[in-house]
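Everything below concerns the one structure shown next.
Values reported hereafter were calculated over all heavy atoms of this structure, with side chains retained and with hydrogens, waters and symmetry mates removed. All of these numbers come straight from a predicted model, not from anything done at the bench.
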Amino acid sequence: MSNVRKLFSVNAIIFVSLFIGFLNNVAIGGFYGLSRAIDAYFASSILGSMFMYLIVDYVGKNFLPIYAARFHKSPDDAGRVASIVITLLALVAVAIVVLLLIFAGPIFAFLLPGFSAEDVDITTRMFAIQAPAIILMTINNFQHYVWQHDERYSRVAFAKLFIPLLLLIFITGGYFFGNVYALPMGFLAGHIASTFILAYRLPYRYRPRI
């Protein structure tokens, strides 16, 4: 019965998360409509998505089998492996974010030829606001695997719930306060909340290691 309850709770959280994500799209369309500012918001996430798909997701697929094998021999050894991987990838993410922030303007100008100089400037500003989320997403990606190995799927689902939830709050607040930059702020705030939830009482002892 405990497995049934876990399955139900996880599915319930995922359903709520998807519903809030749907409300986000409705709110963006209803509050802001079709505008260059909204185009800039979605375009600003391109660089972060590329980093996650090309580097973090690829390494993550190989991380869980190694972590599980190490955990079978020694939980402490598995914790050391997790600490090393997360520290190294976080440092790589920091370096990539710094480089992207420096060259964001020319990169977006190249990737978005239909955008005017002003539109590219808005996109660059939105990227600068949400850029730290790339580092948090890198860390959280591996924390997800650790919690999944510990069969704490509800923790992962609950942490992910806060990303669309805080985004919805910031979308609404941005509309009433006339600040479209609230959207990337909400994106960042959601990942900050998710990071704290995943970091609370980790099933291993994290120590920065290289």
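- Separation of atoms CG (Asn141) and CD1 (Ile86) is listed at 9.5 Å; rounding is to 0.5 Å.
- The structure places OG1 of Thr172 at 9.0 Å from CG of Leu167, a figure rounded to the nearest 0.5 Å.
- Atom CG of Asn24 and atom CD1 of Ile163 lie 11.0 Å apart (nearest 0.5 Å).
- Under the 4.5 Å side-chain contact rule for hydrophobic residues, Ile102 and Ile135 share a cluster.
- Of the inter-residue distances, the one linking Leu100 atom CG with Met50 atom CE reads 9.0 Å to the nearest 0.5 angstrom.
- Note: Leu165 CG to Ser194 OG = 11.5 Å, rounded to the nearest 0.5 Å.
- Side-chain contact between Ile134 and Ile96 is absent, with no heavy atoms from C-beta onward closer than 4.5 Å.
- A cation-pi arrangement is present between Arg155 and Trp147 under the rule of less than 6.0 angstrom and at most 45 degrees off the ring axis.
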Run the side-chain contact (heavy atoms from CB on, under 4.5 Å) check on Phe19 and Leu23 step by step: do they pass? CA-CA 6 Å; Phe19 181 71; Leu23 292 180; 3.6 Å; yes
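- The backbone N or O of Ile13 sits nowhere less than 3.5 Å from a side-chain atom of Ser17 that would complete a donor-acceptor pair.
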Run the side-chain contact (heavy atoms from CB on, under 4.5 Å) test on Tyr67 and Val85 for me, step by step, so that the C-alpha distance in whole Å, both residues' side-chain angles and the decisive distance to 0.1 Å come before the verdict. CA-CA 10 Å; Tyr67 178 85; Val85 172; over 6 Å; no
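- The nearest pair of heavy atoms linking Ala157 to Ile14 is CB-CG1, 4.4 Å.
- Taking the six-membered ring for Trp, Phe108 and Phe115 have ring centres at least 6.0 Å apart.
- Criterion: ILVMFWY side-chain heavy atoms under 4.5 Å apart, direct or through other members. Under it, Val94 and Leu188 are not part of a common hydrophobic cluster.
- A distance-only check finds no donor-acceptor pair linking the side chain of Ser154 to the backbone of Val10 [under 3.5 Å].
- For Ala131 against Val97, the heavy-atom pair with the smallest separation is O-CG2, 3.8 Å.
- If you chain together hydrophobic residues whose side chains sit under 4.5 Å apart, Phe196 and Val146 never meet in one group.
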Using side chain to side chain donor-acceptor pair (under 3.5 Å), reason through Ser44 and Gln130 one step at a time and then give a plain yes or no. CA-CA 8 Å; Ser44 65; Gln130 61 178 298; 2.5 Å; yes
Does the side-chain contact (heavy atoms from CB on, under 4.5 Å) test come out yes or no for Tyr41 and Ile122, once each step is laid out? CA-CA 8 Å; Tyr41 167 67; Ile122 295 174; over 6 Å; no
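- In this pair, Phe162 and Phe158 present their aromatic rings perpendicular. The plane angle is above 60°, beyond the 30 to 60° band.
- More than 12 heavy atoms of other residues, nucleotides or ligands sit less than 6.0 Å from atom CZ of Arg36.
- Taking each heavy atom of Ala27 and Leu168 in turn, the nearest pair found is CB-CD1, 4.1 Å.
- More than 12 heavy atoms of other shown residues, nucleotides or ligands fall within 6.0 angstrom of atom CZ in Phe31.
- A distance of 6.0 Å or more separates the ring centres of His149 and Tyr145.
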Given the rule in the salt bridge (charged side-chain N to carboxylate O under 4.0 Å, His left out) test, do Asp77 and Lys73 qualify, once you have shown the distances and angles that lead to the verdict? CA-CA 8 Å; Asp77 194 25; Lys73 295 180 180 179; over 6 Å; no
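- Taking hydrophobic clusters as Ile, Leu, Val, Met, Phe, Trp and Tyr residues chained together by side-chain heavy-atom distances below 4.5 Å, Phe63 shares a cluster with Met137.
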Donor-acceptor contacts, no H, no angles, side chain residues 173-182, under 3.5 Å, sequence neighbours left out:
residue, atom, partner, partner atom, Å
Asn179, OD1, Tyr181, N, 3.0

Under the side chain to side chain donor-acceptor pair (under 3.5 Å) criterion, do Asp119 and Ser116 qualify, and how do the steps go? CA-CA 5 Å; Asp119 297 332; Ser116 65; 3.0 Å; yes
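- Considering only residues two or more places apart in sequence or on other chains, Tyr32 meets the side-chain hydrogen bond (donor to acceptor under 3.5 Å, both in side chains) condition with none of them.
- Listed here is the closest heavy atom pair of Arg207 and Thr87: O-OG1, 4.3 Å.
- No hydrogens or angles considered: a donor-acceptor pair under 3.5 Å links the side chains of Gln143 and Tyr204.
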For Gln148 and Val156: C-alpha separation, side-chain torsions, deciding distance, then whether side-chain contact (heavy atoms from CB on, under 4.5 Å) applies. CA-CA 7 Å; Gln148 288 170 3; Val156 175; 4.2 Å; yes
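- Remark: Arg80 does not engage Asp76 in a salt bridge, criterion side-chain N to carboxylate O under 4.0 Å.
- Of all non-hydrogen atoms in Thr138 and Ala93, the two that sit nearest each other are OG1-CB, 3.6 Å.
- Residues Leu47 and Met52 fall within the same hydrophobic cluster, defined by Ile, Leu, Val, Met, Phe, Trp and Tyr side chains chained together at heavy-atom separations under 4.5 Å.
- Rounded to the nearest 0.5 Å, atoms OG1 (Thr124) and CG (Leu112) are 9.0 Å apart.
- The nearest pair of heavy atoms linking Phe127 to Ala104 is CD2-CB, 4.0 Å.
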